[in-house]
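Since the model is a prediction, treat every value here as computed from it, not as a measurement.
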Amino acid sequence: MTIANIAVIGAGTMGNGIAQVCAVAGYQVTLIDVSDAALERGVATLRKNLERQVSKQTLAAEDAAAAVARISTSTDYARLQHAELVIEAATENLELKLRILKQIAASVSDQCVIATNTSSLSITQLGAAVSQPERFIGVHFFNPVPMMALVEIIRGLQTSDATHAKALALTEKVGKTPISAGNRPGFVVNRILVPMINEAIFVLQEGLASAEDIDTGMRLGCNQPIGPLALADLIGLDTLLAIIEAFHEGYNDSKYRPAPLLKEMVAAGYLGRKSGRGFFTYS
């Protein structure tokens, strides 16, 4: 089955970014969220990102306009009936994702490929909530989606070769580079990256260096484009905590325990860029 119509569930940071790259690549995209207000925010962000690409001359103005025209929005899952691929991009919460995936499976055709953008949860466990789980797969885009070239393709125990091949082909068509990963918490990139960020938070918590010096050290000493604490703020400290807690539970290994300072900052509502304050302050 040729994929022409894609639906994305969730108009937040990841969802609107995925919708954008799919629309730019020529797909018809339906963006679904729980409220019109959430959809309006998502489309506004998407438009702003496209305008930025046009201003930087990385996208023609007519191509940006055509991409916007390919996107429709809805709060109704009935709109999924004609989709050939649905990508769930909701918050990194197991119960929420399971509930959404059951709604998706009840609304789409038996041939529709169902994917999740999870960064840490088990593809096998999520796939068990879907009828015909052989059509279920993980497609982990990275933030910001329009800029980041990588997508991790993760097979669950049930995922078929055909579904895997479709996911690889789609990823390449939207201009990304796929890598295939096994179904373990964190997959490949976050398995390496998130514990490194967590360790940087331990270093800050222990008073070994300031946040500024930690990030400067990692940028200049390890040639990282952004320091680990600034990256934590970009990811969102609540999202980061959810990921490292999933590692801790999934591997049952104390090396993945979240830094107490990270837990305390999330409890205080200091979530990074999206709240205006994290390890750094944002206007």
Side chains of residues 31-51: which donor-acceptor partners sit under 3.5 Å, not counting sequence neighbours?
residue, atom, partner, partner atom, Å
D33, OD2, A11, N, 2.8
S35, OG, A38, N, 3.1
T45, OG1, R41, O, 3.1
N49, OD1, R52, NH1, 2.9
N49, ND2, T45, O, 3.4

Measure across [X] and [Y] and return the closest heavy-atom pair with its distance rounded to 0.1 Å.
X: P195; Y: F247; result: CD-CE2, 4.0 Å
X: S210; Y: L204; result: C-CD1, 4.0 Å
X: P146; Y: G17; result: CD-CA, 4.3 Å
X: A89; Y: I18; result: CB-CD1, 4.2 Å

* Can you sort out the partners of E249 under side chain to side chain contact (heavy atoms under 4.5 Å, CB included), two or more places apart, ordered by chain and number? =>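 Expected list: none.
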
In Å, rounded to the nearest 0.5 Å, how long is the span from [atom1] of [X] to [atom2] of [Y]?
X: L193; Y: N190; atom1: CG; atom2: CG; answer: 6.0 Å
X: E134; Y: I114; atom1: CD; atom2: CD1; answer: 10.0 Å
X: Q81; Y: N5; atom1: CD; atom2: CG; answer: 11.0 Å
X: T177; Y: M148; atom1: OG1; atom2: CE; answer: 11.5 Å
X: T124; Y: R184; atom1: OG1; atom2: CZ; answer: 8.5 Å
X: T171; Y: K166; atom1: OG1; atom2: NZ; answer: 14.0 Å

May I have all residue pairs that pass side-chain hydrogen bond (donor to acceptor under 3.5 Å, both in side chains) and include part of [range], sequence neighbours excluded?
range: residues 150-159; result: H140-E152, R155-D161
range: residues 141-150; result: none
range: residues 112-123; result: E88-T116, E92-T118, E92-S119, E92-S120, S122-N183

* To do: Only counting residues at least two apart or in another chain, list the ones meeting side-chain hydrogen bond (donor to acceptor under 3.5 Å, both in side chains) with S74.
  =>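 If we apply the side-chain hydrogen bond (donor to acceptor under 3.5 Å, both in side chains) test to S74, skipping adjacent residues, there are no hits.
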
Side chain proximity check, [X] to [Y], heavy atoms < 4.5 angstrom:
X: I201; Y: L229; result: yes
X: V113; Y: E84; result: no
X: C112; Y: R135; result: yes

Ignoring hydrogens and angles, write down the donor-acceptor pairs under 3.5 Å from the side chains of residues 98-108, residues two or more places apart or on other chains.
residue, atom, partner, partner atom, Å
S107, OG, Q103, O, 2.8

Applying the 4.5 Å side-chain criterion to the ILVMFWY set and letting contacts propagate, would [X] and [Y] be lumped into a single cluster?
X: L80; Y: I87; value: no
X: V8; Y: I137; value: yes
X: V54; Y: V21; value: no
X: F136; Y: I6; value: no
X: V188; Y: I153; value: no

Would the number of heavy atoms belonging to other residues, nucleotides or ligands and lying under 6.0 Å from [atom1] of [X] be above 12?
X: M196; atom1: CE; value: yes
X: D76; atom1: CG; value: yes
X: Q57; atom1: CD; value: no
X: D110; atom1: CG; value: yes

* Which hydrophobic side chains are connected to L157, either touching it within the sub-4.5 Å cutoff or through other members that do? ->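 Joined to L157, directly or through intermediates: none.
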
For [Y], is there any backbone N or O sitting under 3.5 Å from a side-chain donor or acceptor partner on [X]?
X: K173; Y: A25; result: no
X: K176; Y: V145; result: yes
X: N16; Y: G12; result: yes

Kindly list each side-chain donor-acceptor pair under 3.5 angstrom involving residues 230-241, sequence neighbours excluded, with atom names and distances?
residue, atom, partner, partner atom, Å
D233, OD1, F279, N, 2.9
D233, OD2, F279, N, 3.1
D233, OD2, F280, N, 3.0
D233, OD2, Y282, OH, 2.7
D238, OD1, K274, NZ, 2.8
D238, OD2, K274, NZ, 3.1

Under 3.5 Å, sequence neighbours excluded: what are the donor-acceptor pairs made by side chains of residues 256-273?
residue, atom, partner, partner atom, Å
Y256, OH, R191, NE, 2.9
R257, NH1, S254, O, 3.2
Y270, OH, R277, NH1, 3.2

Name each donor-acceptor pair under 3.5 Å that joins a side chain in residues 58-73 to protein atoms two or more places apart or in another chain, with its distance.
residue, atom, partner, partner atom, Å
T58, OG1, Q53, O, 3.1
R70, NH1, A23, O, 2.7
S72, OG, R79, NH2, 2.8

* **Pair listing, ring pair (Phe, Tyr, Trp, His ring centres under 6.0 Å) test, anchored in residues 161-208, at least two apart** =>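 Qualifying pairs, neighbours excluded: none.
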
